[in-house]
Every structure is written in C-alpha cells, then in structure tokens.
There are 2 protein chains.
Amino acid sequence: MEAPATAPRTGLRQRKKQRTREDLVEAGIRLFLEQGYEQTTVDQIAAAVEVSQRTFFRYFATKEDLAFGAVIVAEELFYEELCRRPPQESPLTALRRAARVVHEEMRNTTSTTVDSGLHLSVVRLIESTPSLLAAHLRRAEELEERVAAELARREGVDLSADLRPRLVTAVFTAACRAANRVWNSEGVPSLDAMVQLIERHLDQLQPALAGDWGRRAGALEEPPASSAPGTPATRADTTSEE
Amino acid sequence: MEAPATAPRTGLRQRKKQRTREDLVEAGIRLFLEQGYEQTTVDQIAAAVEVSQRTFFRYFATKEDLAFGAVIVAEELFYEELCRRPPQESPLTALRRAARVVHEEMRNTTSTTVDSGLHLSVVRLIESTPSLLAAHLRRAEELEERVAAELARREGVDLSADLRPRLVTAVFTAACRAANRVWNSEGVPSLDAMVQLIERHLDQLQPALAGDWGRRAGALEEPPASSAPGTPATRADTTSEE
DNA sequence: TGTCAACTGTCAGTGACTGACATAGCCTCA
DNA sequence: TGAGGCTATGTCAGTCACTGACAGTTGACA
C-alpha cells in the first residue's frame with residue numbers, strides 16, 4: 001500500500017539518510033528565512049530534526065553548505081546544459097542559452113530538482129547575508145573555472161595560453177551578478193523579473209563597453225519618448241588603448 | 001634628538017595606538033605568510049605584540065580584517081583616482097587609467113602608503129586562502145557599487161534606471177579578477193607581470209565577446225607564427241539575441 | 001541469527017568573537 | 001601640579017561553529 005510507484009532501489013539505511021538530509025535542509029532553510037541566517041544556530045536546526053549537532057556536521061561540512069543545496073543543483077544544471085550546447089553557437093551565446101534552459105527548468109515549479117518559489121527566497125537570503133554572499137562568490141569562482149575550461153575545450157583553444165575563455169566567463173557572470181543585485185532590491189522576488197533582468201543586462205553589455213554613452217541606451221524601462229540627446233558627438237577617446 | 005621631523009601633532013595616547021596597530025599588522029602578516037592564515041591564531045598574533053586577545057579585537061573586528069589593510073588602501077586610492085579622471089574619458093578608459101595610477105603608485109616601493117613587495121605576497125595569500133578570498137570578493141562588490149555610482153554621476157545617468165554603470169564596473173573587475181587568477185598561478189609574484197596581465201585582459205575584452213573566435217587573438221604570448229587558421233568563415237550566430 | 005559495517009550520540013576541546021567589569025594610564029583644566 | 005575624567009587595556013565568562021575520539025545502535029548480508 002505505501003510502497004511508492006518508483007521502486008525503492010535503495011535500502012532502508014540509504015532512505016533514512018536521504019530523509020534526514022531533506023529534513024535538515026527543510027528545517028534549516030525555514031529557520032533561516034524566519035529568523036535570519038546568523039540568528040539561527042546549528043543546534044536549533046539539529047534539534048528541529050531531532051539529531052545531534054555532530055550528526056548535522058556529518059551531513060554538511062559547514063552551516064553555509066546547508067543553504068547552497070538548491071543553488072548547487074541549478075549551477076550543475078547550467079554546466080551540463082552548457083556542455084550540451086551545439087558547437088556552432090558562439091561562447092557568449094552558448095552561455096546565454098544554457099542559462100535560459102536553467103530558467104525554463106526553474107519555471108516548472110516543484111519539479112524533481114529545484115523548488116522555484118523557495119529557491120528565489122534562498123537566493124535573496126544569500127544575497128542579503130554577508131557571510132553567505134561571500135561564500136557564494138567564492139563558489140561561483142570555482143564554477144567559473146570549470147565553465148572556462150569547457151569553453152576552451154569546445155572552441156579548441158588552450159586555456160593556459162588564451163585569455164578569452166576565462167574572460168567571457170567572467171564577463172558573463174559579472175553581468176548576471178549585476179542583474180542579481182538589481183533584482184535583489186526589487187519588491188517581490190519573481191523568476192520572470194530575474195530572467196528579464198539578466199537578458200537586459202546581457203543586451204546592454206556592448207553599449208556599456210562602448211566609448212560613448214549616448215543618453216539613449218541602457219535604460220531599465222523604455223524611456224517615455226524623451227527629448228533627443230543634446231550631444232550627438234561621439235567620444236574622443238576609444239576603449240582600446242595605445 | 002629623537003623628535004621626528006614630522007611634528008607629532010597627536011598625543012602620546014594616539015601614537016601608542018597607532019604603534020600597536022602597526023605592530024599587529026606586521027606580526028599578523030608575517031605569521032600569515034610564514035605558517036598560513038588558517039594555521040595562525042589570533043592568540044599568537046596578540047602574544048607576538050604582547051597584548052591581550054581582547055585588545056586585538058578592539059583594533060580589528062575580525063581576523064580577516066587584519067589582512068586587508070593594504071588592499072583597502074589601494075582600493076581607496078583607485079576610487080579617488082577614478083573620481084579625478086577627466087570627464088571626456090569614456091567610462092572604461094577612466095577605470096583603466098585609474099588602475100594605472102594605482103600601479104604607478106605601487107611601483108614606488110616603501111612609499112608612505114603601500115609597501116609593494118609585501119603587498120604582492122598578501123594578494124597571493126588572499127587569493128590562495130579560501131576564507132580570505134571569499135571575504136575579499138564580497139568587499140570588492142561593495143567597492144563596485146561605489147564605483148558604479150561614481151560612473152553614473154560623471155556620465156550624468158541615473159544609476160537606478162541605467163544598467164550600464166554597474167555593467168562596465170562589473171566587467172572591469174571581472175577582467176581584473178581573471179587577470180589575477182592567471183597572475184596567481186605564476187612563479188614569482190611581480191608587479192610588472194600583474195600590470196601587464198591586466199592590460200592584456202582588458203585588451204582582449206572585445207575579442208572575447210566577439211561572436212567568432214578566430215584562433216589568432218587571445219594568445220597570452222605572441223604565437224610562434226602558427227599556420228593560418230583553417231576556418232576563416234565567421235560565426236553564423238551573433239552575440240546579441242532576438 | 002550472528003557478524004560486520006555504517007550511522008549516530010556523547011564528550012571534550014579548539015578557535016573566533018562578544019559583553020561586562022575593573023584597572024591603569026594619558027589628558028585636561030583648574 | 002594635582003585631581004578628576006576619559007580612554008585603552010586586561011580579565012573573565014560565555015556563545016557558537018567545528019573537530020576528533022570513543023562507544024553504542026542498527027541496518028545489511030551471509
């Protein structure tokens with residue numbers, strides 16, 4: 001009667017472990033969101049799941065790690081999708097399309113992998129908690145390295161001799177982080193808003209790097225038909241230097 | 001006889017405090033470099049200067065903060081130089097030139113502000129110590145926000161409506177970090193090598209973002225006159241999307 | 001069913017960091 | 001110059017994240 005349709009290949013021990021892990025994540029995230037990350041102690045989380053503190057640390061090396069579960073899943077998905085992108089796509093396009101696939105996946109709420117509603121709250125939690133943000137940025141650097149290696153592979157260039165793989169990757173994540181900062185200061189966390197912001201930021205990359213910033217481009221919303229710019233002259237200096 | 005040429009405007013108390021602070025930094029950095037950051041305890045540093053642990057934490061809020069002194073000075077200098085750049089320079093050019101000024105300043109070793117030799121070792125220490133790297137990346141984000149605000153001001157755009165200030169800033173620091181990663185894996189830390197790497201990375205920004213990566217550009221060193229690329233055709237897709 | 005291996009709890013300890021309180025020393029002003 | 005005030009410091013106790021060691025419990029499997 002209670003036997004799930006998906007046959008439990010694993011033994012009782014494995015299932016118990018999996019259960020404990022999920023309980024810890026659930027209780028931890030809930031407490032983090034309720035009372036804040038710093039204000040939540042590991043003892044509290046362990047007590048909520050009725051395990052010892054020692055057991056908590058057998059599941060998660062650090063308190064931070066508990067918060068990154070969903071993020072890690074999304075990042076892995078991104079990496080796998082990137083590896084799957086057809087080779088005729090340019091590096092930046094491949095990165096962009098891989099990100100879109102992740103966002104599509106997240107849109108299927110309560111999917112097997114990532115719960116989008118909670119996920120968005122966790123992203124905000126990370127972004128607004130200094131120690132979590134610090135840990136996340138460092139983790140992101142590690143992902144960047146893997147991504148750069150994959151780009152080098154697909155483009156057939158040498159990662160140790162060619163600067164471009166690391167550069168596109170760094171620029172891409174920089175744009176995403178900039179988008180994230182804007183998204184983080186918005187009212188209600190919304191996946192659509194996040195996706196749109198990332199797309200807009202990627203679109204604005206070239207305009208932002210251009211020597212001359214006409215007052216036209218770069219607007220977050222369509223400007224209400226403002227007056228024509230007064231200084232149509234292009235900038236004297238160029239981006240590339242002597 | 002011992003009265004320094006620079007008249008001590010401050011009282012004995014102030015001087016003592018300054019002295020203790022300098023001693024803590026010196027002992028701390030030395031110990032970090034000798035035995036590693038994680039392996040060095042606050043008690044050790046405090047003992048080396050003959051103060052209590054409690055006093056240490058009255059000078060530095062965290063153990064990490066001790067390591068960031070020189071970095072903060074350099075960052076402040078960068079920000080001030082950026083504010084000083086003439087308005088006709090494009091944003092990216094202003095950022096680049098401001099960075100050059102900082103590097104020039106660092107070249108004057110044993111200057112009043114930053115000791116370049118030790119400074120380079122500290123940068124490596126930070127880059128190679130996970131917890132320090134994490135803290136540094138988060139601090140860098142805060143600087144980014146200030147820089148973006150300054151760029152918005154000088155260009156006369158609205159930071160909350162225009163994505164470009166944050167974007168250029170993010171891209172610039174992304175390029176610097178990419179350069180730093182390469183620099184960090186080099187043999188002997190050298191200021192010249194660091195400056196050159198940053199310049200090269202900034203030069204490679206546009207090529208890296210280009211849709212098509214010809215096998216020519218992007219090389220770290222001049223390629224030894226390799227064979228002409230076999231696929232001169234440009235990429236089908238473009239960077240900008242529908 | 002008994003043995004082994006994996007999972008867990010308990011305990012003691014380290015190290016970063018904080019608040020409270022008392023003391024010692026510079027500093028100021030009469 | 002000396003009294004009083006303010007500031008820097010030391011001591012102490014405590015919290016919290018995290019770890020190693022050891023022992024007990026329980027699923028796995030022959």
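Below, read A as the first sequence line, B as the second, and so on, with proteins coming before strands; counting in each chain starts at 1.
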- Would you please test A:Arg100 and A:Glu81 for side chain to side chain contact (heavy atoms under 4.5 Å, CB included) and show each step? CA-CA 10 Å; A:Arg100 281 187 191 161; A:Glu81 286 302 327; over 6 Å; no

- Query: Who passes side chain to side chain contact (heavy atoms under 4.5 Å, CB included) against B:Thr55, sequence neighbours left out?
  - Reply: B:Val51, B:Ser52, B:Arg58, B:Tyr59

- Item | Span of DNA chain C, from the first to the last nucleotide whose atoms fall under 4.0 Å of chain A heavy atoms | C:dA5 to C:dT10

- Query: Does B:Glu199 offer a backbone N or O that forms a donor-acceptor pair with the side chain of B:Arg96 under 3.5 Å?
  - Reply: yes

- Query: Once you round it to whole Å, what is the distance between P of D:dA8 and NZ of B:Lys17?
  - Reply: 4 Å

- Message: Show every ring-ring contact (aromatic ring centres under 6.0 Å, His included) that has at least one partner inside residues 175-199 of chain A, sequence neighbours left out.
- Response: none

- Quick one: closest heavy-atom pair of B:Leu66 and B:Val25, and the distance? CD1-CA, 3.4 Å

- Query: When the distance from CZ of A:Arg58 to C1' of D:dT25 is rounded to whole Å, what number comes out?
  - Reply: 13 Å

Restricting to nitrogen or oxygen on both sides, can you table the protein-nucleotides 28-30 of chain D pairs closer than 3.5 Å?
from	atom 1	to	atom 2	distance (Å)
D:dA28	OP1	A:Leu12	N	2.7
D:dA28	OP1	A:Arg13	N	3.1

- Item | Of all pairs that satisfy side chain to side chain donor-acceptor pair (under 3.5 Å), the ones with a partner from residues 125-134 of chain A, not counting sequence neighbours | A:Glu38-A:Ser131

- To the nearest 10°, let me know how far the axis at one end of the helix from C:dT1-D:dA30 to C:dA30-D:dT1 is tilted from the axis at the other, five pairs an end. 10°

- Name the nucleic acid region contacted by A:Tyr59, choosing base, sugar-phosphate or nothing; use a 4.0 angstrom heavy-atom cut-off, strictly under. sugar-phosphate

- Query: Is any side-chain heavy atom of A:Arg166 closer than 4.5 Å to a side-chain heavy atom of A:Glu144?
  - Reply: no

- Report the residue (A:Lys16 or B:Thr55) whose heavy-atom-nearest nucleotide on DNA chain D is the more 5′ of the two. B:Thr55

- Using only heavy-atom distances, determine whether the side chains of B:Ser160 and B:Asp158 contain a donor-acceptor pair under 3.5 Å. yes

- Item | Value in whole Å for how far the C1' atom of D:dA8 lies from CZ of B:Arg54 | 12 Å

- Go through the structure and list residues passing side chain to side chain contact (heavy atoms under 4.5 Å, CB included) with B:Gln14, not counting sequence neighbours. B:Thr10

- How many angstroms lie between atom OG1 of A:Thr20 and atom CD of A:Glu50, to the nearest 0.5 angstrom? 11.0 Å

- Message: Applying side chain to side chain contact (heavy atoms under 4.5 Å, CB included), can you list everything that pairs with B:Arg19, at least two apart in sequence or on another chain?
- Response: B:Asp23

- Task: Mind running a 4.0 Å heavy-atom check of residues 20-44 of chain B against DNA chain C and sending the residues that fall below it, in number order?
- Result: B:Thr40, B:Thr41, B:Val42

- Message: Using a 6.0 Å cut-off, check whether atom CD of A:Glu26 has over 12 heavy atoms from anything other than its own residue.
- Response: no

- Query: Rounded to the Å, how far apart are B:Phe57 CZ and D:dA8 P?
  - Reply: 18 Å

- Strictly below 4.0 Å, heavy-atom distances to any atom of DNA chain C: list the hits from residues 61-68 of chain B, or just say none. B:Ala61, B:Thr62, B:Lys63

- Task: Determine, for B:Arg139 against B:Glu142, whether the closest basic-nitrogen to carboxylate-oxygen distance falls under 4.0 angstrom.
- Result: no

- Could you pull out all residues at least two apart from B:Glu34 that satisfy side chain to side chain contact (heavy atoms under 4.5 Å, CB included)? B:Arg30, B:Leu31

- Message: For A:Glu145, is there an ion pair with B:Arg181 - N to carboxylate O distance below 4.0 angstrom?
- Response: yes

- Note on the structure: Residue pairs passing the ring-ring contact (aromatic ring centres under 6.0 Å, His included) test with at least one member in residues 24-55 of chain B, sequence neighbours excluded, are B:Phe32-B:Tyr37

